[in-house]
Trainee: 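I have a structure I would like to understand better, so I am pasting it below and will then ask my questions one at a time.
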Amino acid sequence: MSRHVAIVTDSTAYLPPQAMERHGITAVPLTVVIGDEALEEGTEVSARVLTQALQKRKPVTTSRPSPEDFAAAYRAAAEAGATGIVSLHLSAEVSGTYDAAVLAAKDASVPVRVVDTGMMGMALGFCALAAAETAEAGGTLDEAVAAAEKRAVGTAAYFYVDTLEYLRRGGRIGAAQALLGSALAVKPLLELDGGRIELKEKVRTASKAIARLEELAVERAGTSPVDVAVHHLAAPERAAALAERLRERVPGVEELHVSEVGAVIGAHTGPGLLAVVVSPR
């Protein structure tokens with residue numbers, strides 16, 4: 001981490017641990033509530049435990065970090081020598097995490113710039129990496145924010161879910177609600193648009209939906225340098241196969257990450273999730 005600009009994000013960035021350690025990025029955890037037990041994402045609840053709970057139809061909800069959680073992260077960064085902090089978070093359209101960070105930033109001992117990236121998963125993670133790399137190169141607080149915002153504008157996230165039921169339960173589907181009446185007859189492809197989860201296309205079968213997901217990623221990537229992430233929940237083989245095809249078909253791919261989403265995103269998408277993030281360099 002830069003001695004002057006620290007990077008804070010939240011647990012839905014799903015950054016590889018080694019990348020967080022290398023760049024000194026701090027992730028403040030969201031909470032998953034299974035039944036009556038509240039668990040921190042990333043440390044107290046795994047994707048496997050979440051999947052089992054969903055399959056057993058246990059009640060699952062999620063909640064944002066508290067302002068006090070962010071205040072503690074900002075305080076630790078300042079005590080470690082940071083003179084400014086960039087705090088990057090998942091879309092305010094789907095979570096109150098950004099609002100909690102804004103509240104905490106008001107009382108921080110150093111300047112904190114809180115950014116609603118409009119993203120989640122590695123779409124958020126790539127923004128955090130862009131900010132960290134800029135800070136490490138000697139960039140100012142404003143320059144690190146600008147790098148993250150530029151990444152966010154260029155990044156696309158598409159995803160396939162086996163069912164809209166989990167998104168419906170959590171009230172996270174926005175315009176995709178139009179699909180509810182025919183959800184059993186189609187396989188929806190969704191995208192992040194303006195920070196919201198929106199319907200991209202309707203496809204008749206799972207295999208055709210995954211093939212179309214691949215095509216969307218290839219089209220978006222073009223031939224320019226890009227980073228790519230493939231996320232899944234309880235579908236590792238499907239994710240690995242898709243990642244391998246993208247590695248062959250995207251000529252400009254630089255970093256390619258494959259990972260299972262954590263419990264917060266998983267709680268709203270359900271098992272079978274397959275997502276692709278394309279982020280131009």
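Just so it is clear, the values below take in all heavy atoms, side chains as well, and ignore hydrogens, waters and symmetry mates. The structure presented is a predicted model; accordingly, all values stated were derived computationally and were not measured.
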Trainee: Go through the steps to decide whether Glu215 and Arg245 satisfy the test salt bridge (Lys or Arg N to Asp or Glu O under 4.0 Å), and finish with yes or no.
Mentor: CA-CA 10 Å; Glu215 291 303 321; Arg245 293 194 301 271; over 6 Å; no
Trainee: Output all residues satisfying ring-ring contact (aromatic ring centres under 6.0 Å, His included) with Phe70, sequence neighbours left out; order by chain, then residue number.
Mentor: His89
Trainee: Please report the shortest heavy-atom distance between Ala38 and Thr31, naming the atom on each side.
Mentor: CB-CG2, 3.9 Å
Trainee: Could you tell me the separation between the OG1 atom of Thr51 and the CG atom of Leu233, rounded to the nearest 0.5 Å?
Mentor: 4.0 Å
Trainee: Do Asp142 and Arg113 have side-chain heavy atoms sitting under 4.5 Å apart?
Mentor: yes
Trainee: Quick test of your reading of the model: are Arg22 and Glu133 salt-bridged, counting only N-O distances below 4.0 Å?
Mentor: no
Trainee: Side chain of Thr83, backbone of His4: donor and acceptor closer than 3.5 Å?
Mentor: yes
Trainee: Show your reasoning for whether side chain to side chain contact (heavy atoms under 4.5 Å, CB included) applies to Leu216 and Glu201.
Mentor: CA-CA 11 Å; Leu216 288 169; Glu201 296 178 9; 4.2 Å; yes
Trainee: Of all the heavy-atom pairs spanning Leu54 and Gly266, show the shortest one and how long it is.
Mentor: CD1-O, 3.7 Å
Trainee: Please name the pair of heavy atoms, one in Leu30 and one in Pro65, separated by the smallest distance, quoted to 0.1 Å.
Mentor: CG-CD, 3.7 Å
Trainee: Contact between Pro29 and Thr43 at the side-chain level, heavy atoms closer than 4.5 Å - yes or no?
Mentor: no
Trainee: Indicate yes or no: at least one non-hydrogen side-chain atom of Thr140 is less than 4.5 angstrom from one of Val5.
Mentor: no
Trainee: For Glu41 and Val264, which heavy atoms make the closest approach, and how far apart are they?
Mentor: OE2-N, 2.9 Å
Trainee: Find the distance between CD (Glu143) and NZ (Lys150) and round it off to the nearest 0.5 Å.
Mentor: 12.5 Å
Trainee: Kindly indicate, with the supporting measurements, whether the criterion side chain to side chain contact (heavy atoms under 4.5 Å, CB included) is fulfilled by Leu256 and Asp227.
Mentor: CA-CA 6 Å; Leu256 197 159; Asp227 294 327; over 6 Å; no
Trainee: For a 4.5 angstrom cut-off between non-hydrogen side-chain atoms, does Ile197 reach Leu192?
Mentor: yes
Trainee: Side-chain donor-acceptor pair under 3.5 Å between Asp10 and Thr12, yes or no?
Mentor: yes
Trainee: If you compare all heavy atoms of Pro271 against all heavy atoms of Asp162, which two are closest, and at what distance to 0.1 Å?
Mentor: O-OD2, 3.6 Å
Trainee: In terms of hydrophobic clusters joined by side-chain contacts under 4.5 Å, are Met122 and Val28 together?
Mentor: no
Trainee: Flag the pair Ser91 / Met119 as yes when at least one side-chain heavy-atom distance between them is below 4.5 Å, and no otherwise.
Mentor: no
Trainee: Please round to the nearest 0.5 Å and tell me the distance separating atom CG of Leu90 and atom CD1 of Ile265.
Mentor: 6.0 Å
Trainee: Quick one: are Leu50 and Val60 in side-chain contact, heavy atoms under 4.5 Å?
Mentor: yes
Trainee: To the nearest 0.5 Å, how far apart are CG in Asp116 and CD in Glu149?
Mentor: 10.0 Å
Trainee: Can you see whether Tyr98 engages Glu93 through a side-chain donor-acceptor pair at a distance of less than 3.5 angstrom?
Mentor: no
Trainee: Can you list the steps and then say if Thr205 with Lys187 is a side chain to side chain contact (heavy atoms under 4.5 Å, CB included)?
Mentor: CA-CA 6 Å; Thr205 66; Lys187 293 297 183 181; 5.5 Å; no
Trainee: Under the side chain to side chain contact (heavy atoms under 4.5 Å, CB included) criterion, do Leu189 and Val203 qualify, and how do the steps go?
Mentor: CA-CA 7 Å; Leu189 286 178; Val203 186; 3.9 Å; yes
Trainee: How many angstroms lie between atom CG of Leu190 and atom CG of Leu199, to the nearest 0.5 angstrom?
Mentor: 6.5 Å
Trainee: Could you check whether any side-chain N or O of His23 sits under 3.5 Å from a backbone N or O of Leu129, counting only pairs where one atom can act as donor and the other as acceptor?
Mentor: no
Trainee: If you define the side chain from C-beta out and look only at heavy atoms, does anything of Val94 sit under 4.5 Å from Arg196?
Mentor: no
Trainee: Let me check something: do Phe126 and Leu15 share a hydrophobic cluster, defined by ILVMFWY side-chain heavy atoms less than 4.5 Å apart, either directly or through other members?
Mentor: yes
Trainee: Is the number of heavy atoms from other residues, nucleotides or ligands under 6.0 Å of Arg249 CZ greater than 12?
Mentor: yes
Trainee: Following the transitive rule for hydrophobic clusters with a side-chain heavy-atom cut-off under 4.5 Å over Ile, Leu, Val, Met, Phe, Trp and Tyr, establish whether Val261 and Val49 coincide in one cluster.
Mentor: yes
Trainee: Answer with yes or no whether the hydrophobic clustering places Val110 together with Val145; edges join I, L, V, M, F, W, Y residues whose side-chain heavy atoms lie under 4.5 Å apart.
Mentor: no
Trainee: Return the OG to CZ distance between Ser279 and Arg220, rounded to the nearest 0.5 Å.
Mentor: 9.5 Å
Trainee: Starting from Val161, can I reach Tyr14 by hopping between I/L/V/M/F/W/Y residues whose side chains sit under 4.5 Å apart?
Mentor: yes
Trainee: Can you name the one residue among Arg212, Arg238, His232 that meets side chain to side chain contact (heavy atoms under 4.5 Å, CB included) with Tyr160?
Mentor: Arg238
Trainee: Check Val45 against Ala263 and note the closest heavy-atom contact, atom names and distance.
Mentor: CG1-CB, 3.9 Å
Trainee: Taking side chain as C-beta onward, heavy atoms only, is Asp99 less than 4.5 Å from Leu103?
Mentor: no
